[in-house]
Amino acid sequence: QVQLVESGGGLVQAGGSLRLSCAASGRTSSRYAVGWFRQAPGKEREFVAAISWSAGTTNYADSVKGRFTISRDNAKNVFYLQMNSLKPEDTAVYYCASTSLPRIGSTSWEYDSWGQGTQVTVSS
């Protein structure tokens with residue numbers, strides 16, 4: 001099993017930036033990719049970005065392209081989501097998740113290990 005722990009959430013004004021971290025531990029050698037998802041109150045969980053563990057290939061939701069950047073530090077098994085130009089509609093609980101499936105998926109069912117989430121609130 002793989003354990004994931006997110007950190008870095010908080011309250012920020014619109015236009016500001018935050019960097020989320022996701023620390024992975026356990027059987028990380030079996031993992032192919034890590035994704036970030038978010039869920040706002042009353043809404044479905046939605047895909048934000050994903051990155052392959054070794055090659056660093058990325059995939060982004062259209063809503064965050066050009067504003068968010070996903071990256072990883074393989075030596076530390078830590079994954080990051082740099083969020084710039086934040087908007088109030090980015091307010092949500094952000095989750096990182098990992099998968100052993102050989103693709104950088106954008107649907108939650110493709111991921112089988114999840115962190116506990118971190119709250120991001122963007123004020124207008």
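The residues of the chain are indexed from 1 along the displayed sequence.
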Exercise. Spell out, as yes or no, whether a donor-acceptor pair under 3.5 Å connects the side chain of Ser85 to the backbone of Arg67.
Key: no

Quiz prompt | Step-by-step side chain to side chain contact (heavy atoms under 4.5 Å, CB included) determination, Met83 to Thr69 | solution = CA-CA 7 Å; Met83 306 185 294; Thr69 302; over 6 Å; no

Self-check item: Minimum side-chain heavy-atom gap Val48-Tyr60 below 4.5 Å
Solution: no

Quiz item: Between atom OG of Ser30 and atom CD of Gln1, what is the distance when rounded to the nearest 0.5 Å?
Solution: 8.5 Å

Quiz item: In chain order, what residues pass the side-chain hydrogen bond (donor to acceptor under 3.5 Å, both in side chains) check against Lys65, with sequence neighbours excluded?
Solution: Asp62

Tell me which donor-acceptor pairs under 3.5 Å the side chains of residues 93-102 have, and how far apart each pair is, sequence neighbours excluded?
residue	atom	partner	partner atom	Å
Tyr94	OH	Arg38	NH1	2.9
Tyr94	OH	Asp90	O	2.6
Ser98	OG	Arg31	NH1	3.1
Thr99	OG1	Leu101	N	3.0
Thr99	OG1	Glu110	O	2.7

Quiz item: Mind checking whether Leu4 and Trp114 have side chains closer than 4.5 Å, heavy atoms only?
Solution: no

Quiz prompt | Residue pair Ile104 / Thr57, side-chain heavy-atom distance below 4.5 Å | solution = yes

Quiz item: How long is the span from the CZ atom in Phe68 to the CG atom in Leu81, to the nearest 0.5 Å?
Solution: 6.0 Å

Quiz prompt | Qualifying residues under salt bridge (charged side-chain N to carboxylate O under 4.0 Å, His left out), relative to Lys76, sequence neighbours excluded | solution = none

Quiz item: How would you list all residue pairs meeting disulfide bond (SG atoms under 2.5 Å apart) that involve residues 46-91, not counting sequence neighbours?
Solution: none

Quiz item: So, for Asn59 and Ser106, which heavy atoms are closest and what is the spacing to 0.1 Å?
Solution: ND2-CB, 4.1 Å

Quiz item: So do the side chains of Ser108 and Phe47 get within less than 4.5 Å of each other, counting heavy atoms only?
Solution: no

Quiz item: For residues 46-75, which residue pairs qualify under disulfide bond (SG atoms under 2.5 Å apart), counting only residues two or more places apart or in two chains?
Solution: none

Quiz item: Under 4.5 Å between any side-chain heavy atoms of Gln3 and Ser113, yes or no?
Solution: no

Practice problem: Assess whether ring pair (Phe, Tyr, Trp, His ring centres under 6.0 Å) is satisfied between Trp36 and Phe79, documenting all intermediate values. | Solution: CA-CA 9 Å; Trp36 285 95; Phe79 295 79; 8.8 Å; no

Solution key, residues 10-25 side-chain donor-acceptor pairs under 3.5 Å, sequence neighbours excluded:
residue	atom	partner	partner atom	Å
Ser17	OG	Asn84	OD1	2.9

Self-check item: Reported CD1-to-CD1 distance for the pair Ile70 and Ile51, which is rounded to 0.5 angstrom
Solution: 5.5 Å

Self-check item: Check: Gln116 main-chain N/O paired with Glu6 side-chain donor or acceptor under 3.5 Å
Solution: yes

Practice problem: Evaluate whether atom CZ of Arg103 has more than 12 neighbouring non-hydrogen atoms of other residues, nucleotides or ligands under 6.0 angstrom away. | Solution: yes

Quiz item: Do Tyr111 and Val34 come close enough that some side-chain heavy atom pair is under 4.5 Å?
Solution: no

Exercise. Look at atom CD of Glu44 and say whether more than 12 heavy atoms of other residues, nucleotides or ligands are closer to it than 6.0 Å.
Key: no

